[in-house]
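A, B, ... follow the sequence lines: proteins, then strands. Residue 1 opens every chain.
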Amino acid sequence: MDAKRKEAEAQKKTFQYDASTRMSMVNSLTLSAEETEKRLASGEPFVVRFKYPADTDIHVHDLIRGEVVINSNLLDDKVLYKSDGMPTYHLANIVDDHTMKITHVIRGEEWLPSAPLHVMLYKAFGWEAPQFAHLPLLLKPDGNGKLSKRDGDRLGFPVFPLEWHDPKSGEVSSGYRETGYLPEAVVNMLALLGWNPGTEQEIFSLDELVNLFSLEKISKSGAKFSLDKAKWFNHEYIQMKSAQELLPYFTKIMDEKGISYEEDYLLKVIDVIKERLTFPSEFWEQAGFFFVAPTEYSAQDLKKRWKEGTGEKLRVILQLLEQDEVFDMQAAHDRVMEHIKANEWNMGAVLNSLRIGIVGAARGPELFTMINILGVPETRKRTEAVIAAVEG
RNA sequence: GCCGGGUUCGUCUAGUCGGCCUAGGACGUAAGAUUUUCAUUCUUAAAAUCAGGGGUUCGAAUCCCCUACCCGGUACCA
């Protein structure tokens with residue numbers, strides 16, 4: 001066989017063990033029965049191959065691609081049993097699936113070329129073949145080709161559901177769970193990669209997916225993974241969750257930071273902050289000031305908003321905030337706004353200065369909502385602190 | 001090389017039997033609005049001569065052929 005292979009290579013042809021060549025090879029077809037027996041008995045190593053019929057069109061009915069036809073002359077007699085006595089995947093696979101009464105074989109497109117062999121194998125055994133569906137491949141976001149785990153960590157997104165430590169290489173591959181993707185978001189995103197129900201709906205619950213999904217609606221071409229779209233899905237799913245449902249993500253962060261908290265307080269914070277989150281991990285960066293008073297103030301924001309006499313104005317506002325027996329957010333808001341207008345203060349400058357004292361920078365949720373959560377005493381404390389820091 | 005599969009906005013896609021497609025939606029991008037800030041949100045816009053070329057037809061993204069490109073397979077791997 002080696003000789004034949006070399007000969008073929010010399011002629012720039014690919015040698016193939018098939019109907020046209022097998023009769024010129026040393027095998028049980030060309031050897032006499034006695035000779036074959038003798039060699040077997042002597043323990044000579046051998047393999048068992050599948051003998052394709054000559055010049056026969058083999059039809060594979062694929063649920064996604066329709067009828068795929070290939071002529072048996074183009075196929076080579078695949079090894080079924082290796083010389084170590086072990087079956088190859090092809091044999092093992094169909095025996096397995098048959099004994100397990102598998103009805104549908106759904107696998108990646110890279111298996112399409114070996115589907116004819118499998119069909120013929122079922123036929124040879126006299127077994128009914130299952131339905132086949134060859135799925136399009138997931139492609140890497142940049143360029144072409146199959147998505148691999150290397151691409152994920154190269155481009156900053158996970159390809160594994162869970163973080164994985166390779167025990168051999170010690171290599172760590174990031175996981176969707178650890179990165180902060182919600183399971184439902186990942187399922188939703190993956191379902192839509194290569195499949196589409198034909199409507200304009202994009203957000204699906206698992207139940208909806210189960211009901212709507214059909215193999216016929218799967219597209220034939222490979223789909224590139226999109227990091228932006230994955231993030232968008234995650235953001236959408238975070239919005240759909242209640243603060244209570246999201247709580248575990250954040251208690252974990254609080255514990256890691258070693259910050260003690262009241263659960264009710266945390267829930268209120270989650271409610272106002274979740275709309276700004278794509279990943280739970282962004283929580284501290286967005287909401288840390290609800291738990292720890294700022295110690296530094298954005299120099300840039302101060303420069304822009306803090307004017308001459310701001311400290312004095314802030315103290316006036318604090319007094320306005322302190323007027324209620326029990327803080328009334330709406331009333332306090334109206335009072336402050338009225339006062340600012342009546343005195344013709346620069347609204348943006350004053351309120352942002354107050355904000356800088358509370359948050360540390362000109363960012364964050366609506367001002368009075370924050371004061372409401374933080375409480376007026378804490379607001380005064382922080383405001384006095386920023387006045388002292390800026391005006392000495 | 002050979003065989004198989006694929007090819008609609010930058011990306012994911014709708015488009016099932018040709019006419020309702022002046023090719024729709026979403027992500028992303030841009031601009032505006034809202035917001036005292038940032039983010040969110042909302043509105044609008046740009047974005048595919050349907051890979052290219054031939055047919056068939058009154059009419060094609062949709063049917064046929066050719067070409068190009070991409071992907072996969074071509075192992076005693078799965």
Side-chain angles (χ1 to χ4, degrees), chain A residues 1 8-9 11-17 45-49 60 62 64-66 68-71 73-76 78-90 92-93 107-117 134 136-146 189 192-203 216-217 219-233 235-236 239 272-278 282 285-286 298 301 304-305 333 336-337 340 345-356 358-359 361-368 370:
Chain A
M1 193 170 141
E9 270 166 25
Q11 294 170 35
K12 289 199 170 176
K13 283 182 200 158
T14 310
F15 170 77
Q16 191 167 280
Y17 205 116
F46 64 95
V47 300
V48 178
R49 288 175 182 272
V60 176
D62 185 275
I64 295 169
R65 285 149 221 285
V68 178
V69 184
I70 186 160
N71 190 280
N73 286 352
L74 275 357
L75 271 9
D76 70 334
K78 274 277 179 296
V79 171
L80 260 24
Y81 272 105
K82 300 184 269 186
S83 57
D84 63 4
M86 293 296 284
T88 57
Y89 164 83
H90 303 292
N93 168 257
R107 65 215 326 184
E109 192 185 328
E110 69 267 33
W111 289 103
L112 194 52
S114 37
L117 203 220
H134 290 92
L137 265 20
L138 236 43
L139 274 19
K140 55 183 72 183
D142 58 340
N144 298 307
K146 279 204 277 197
M189 171 199 75
L192 248 31
L193 231 39
W195 174 82
N196 184 294
T199 64
E200 286 179 0
Q201 185 179 352
E202 293 209 275
I203 301 290
E216 290 74 18
K217 283 270 175 194
S219 51
K220 300 178 181 73
S221 49
K224 281 184 188 172
F225 173 91
S226 163
L227 180 57
D228 282 327
K229 194 85 182 218
K231 284 181 179 169
W232 176 78
F233 272 114
H235 180 260
E236 290 295 305
Q239 305 324 307
V272 304
I273 225 76
K274 73 170 187 184
E275 66 181 23
R276 356 176 48 99
L277 300 179
T278 294
E282 295 159 356
E285 178 194 332
Q286 292 289 336
S298 160
D301 293 340
K304 187 176 173 192
R305 315 317 313 209
H333 169 270
V336 170
M337 296 310 257
I340 289 175
W345 287 355
N346 180 333
M347 178 118 52
V350 176
L351 294 184
N352 275 300
S353 297
L354 182 58
R355 174 181 291 282
I356 292 168
I358 292 170
V359 179
R363 60 182 181 82
E366 201 275 326
L367 186 58
F368 289 85
M370 291 195 294

For A:Ile70, answer base if it contacts any base atom (sugar-phosphate contacts may also be present), sugar-phosphate if it contacts only those atoms, and nothing otherwise; contact means non-hydrogen atoms under 4.0 Å.
-> sugar-phosphate
Select base, sugar-phosphate, or nothing to describe what A:Gly364 touches, counting heavy atoms under 4.0 Å on all strands.
-> base
For B:U34, what is the paired nucleotide under Watson-Crick or G-U wobble rules, both distances under 3.5 Å?
-> none
Residue set satisfying side chain to side chain donor-acceptor pair (under 3.5 Å) with A:Glu109, at least two apart, ordered chain then number -> none
List the atom pairs, donor and acceptor, that lie under 3.5 Å between side-chain atoms in residues 224-231 of chain A and the rest of the protein, sequence neighbours left out.
from     : atom 1 : to       : atom 2 : distance (Å)
A:Ser226 : OG     : A:Lys229 : N      : 3.2
A:Lys229 : NZ     : A:Glu202 : OE2    : 3.2

Separation of the C1' atoms in B:C21 and B:C50, to the nearest angstrom = 10 Å
Kindly write out the residues that satisfy side-chain contact (heavy atoms from CB on, under 4.5 Å) with A:Met347, not counting sequence neighbours, or none if the list is empty.
-> A:Met337, A:Ile340, A:Lys341, A:Leu351
Base, sugar-phosphate alone, or nothing: which one does A:Pro365 contact when heavy atoms must sit under 4.0 Å apart?
-> base
Nearest listed nucleotide, side chain of A:Asp76, among B:A75, B:U36, B:G24 = B:A75
Partner of B:C17 under the Watson-Crick or G-U wobble criteria, both distances under 3.5 Å, comes out as none
side-chain contact (heavy atoms from CB on, under 4.5 Å) partners for A:Ala92, two or more places apart | A:Pro87
Using the closest heavy atom to pick a nucleotide of RNA chain B for each, name whichever of A:Leu74 or A:Met347 lands nearer the 5' end.
-> A:Leu74
Looking at residues at least two apart in the chain, or sitting in another chain, which of them share a salt bridge (charged side-chain N to carboxylate O under 4.0 Å, His left out) with A:Lys274?
-> none
Set of residues satisfying side chain to side chain donor-acceptor pair (under 3.5 Å) with respect to A:Asn196, sequence neighbours excluded | none
When you compare B:U41 with B:G6, how far apart are their C1' atoms, in angstrom units rounded to a whole number?
-> 39 Å
A:Val47 near the nucleic acid: base, sugar-phosphate alone, or nothing, with a heavy-atom cut-off under 4.0 Å?
-> base
Please tell me which of the listed nucleotides, B:G28, B:G5, B:A39, lies nearest to the side chain of A:Glu275?
-> B:A39
Quick one: does A:Asp62's side chain have a donor or acceptor within less than 3.5 Å of a partner on A:His134's backbone?
-> yes
Using the P atom in both, what is the distance from B:A26 to B:C63, to the nearest Å?
-> 27 Å
Using the P atoms only, state how far B:U34 lies from B:G15, rounded to an integer number of Å.
-> 39 Å
Looking only at heavy atoms, which two atoms of A:Ala349 and A:Arg305 are closest? And how far apart?
-> CB-O, 3.3 Å
Side chain of A:Arg355, base of B:U37: donor and acceptor closer than 3.5 Å?
-> yes
Which atom pairs link the protein and nucleotides 41-46 of chain B when you take only N or O atoms and keep those under 3.5 Å?
none

Nearest-Å distance, CD1 (A:Ile64) to P (B:G72)?
-> 18 Å
What integer distance in Å separates A:Gln16:CD from B:G1:P?
-> 17 Å
Rounded to whole angstrom, note down the P distance from B:U11 over to B:A51.
-> 13 Å
Test side chain to side chain donor-acceptor pair (under 3.5 Å) applied to A:Glu110 - qualifying residues, sequence neighbours left out | none
Can you sort out the partners of A:Trp195 under ring-ring contact (aromatic ring centres under 6.0 Å, His included), two or more places apart, ordered by chain and number?
-> A:Phe213
Remember a base hit wins even if backbone is also touched, and classify A:Glu110 as base, sugar-phosphate or nothing at under 4.0 Å, heavy atoms.
-> sugar-phosphate
Complement of B:U62, any strand, by Watson-Crick or G-U distances under 3.5 angstrom = none
Side chain to side chain donor-acceptor pair (under 3.5 Å) with A:Gln239: which residues, sequence neighbours excluded?
-> A:His235
Nearest-Å distance, CZ (A:Phe46) to C1' (B:C76)?
-> 12 Å
For A:His90 and A:Ser114, work out which heavy atoms get closest and say how close.
-> CE1-CB, 3.6 Å
Where protein sits on nucleotides 29-35 of chain B, one letter per nucleotide: B base, S sugar-phosphate only, - none, heavy atoms under 4.0 Å = -------
Report, one pair per line, the protein and nucleotides 9-17 of chain B atoms (nitrogen or oxygen only) whose separation is under 3.5 Å.
from  : atom 1 : to       : atom 2 : distance (Å)
B:C12 : OP1    : A:Lys224 : N      : 3.2
B:C12 : O2'    : A:Leu192 : O      : 3.3
B:U13 : OP1    : A:Gly194 : N      : 2.9
B:U13 : O2'    : A:Asn196 : ND2    : 2.8
B:G15 : OP1    : A:Lys217 : NZ     : 3.0

Taking A:Ser219 for the side chain and A:Gly194 for the main chain, is one N or O donor matched with an acceptor at less than 3.5 Å?
-> yes
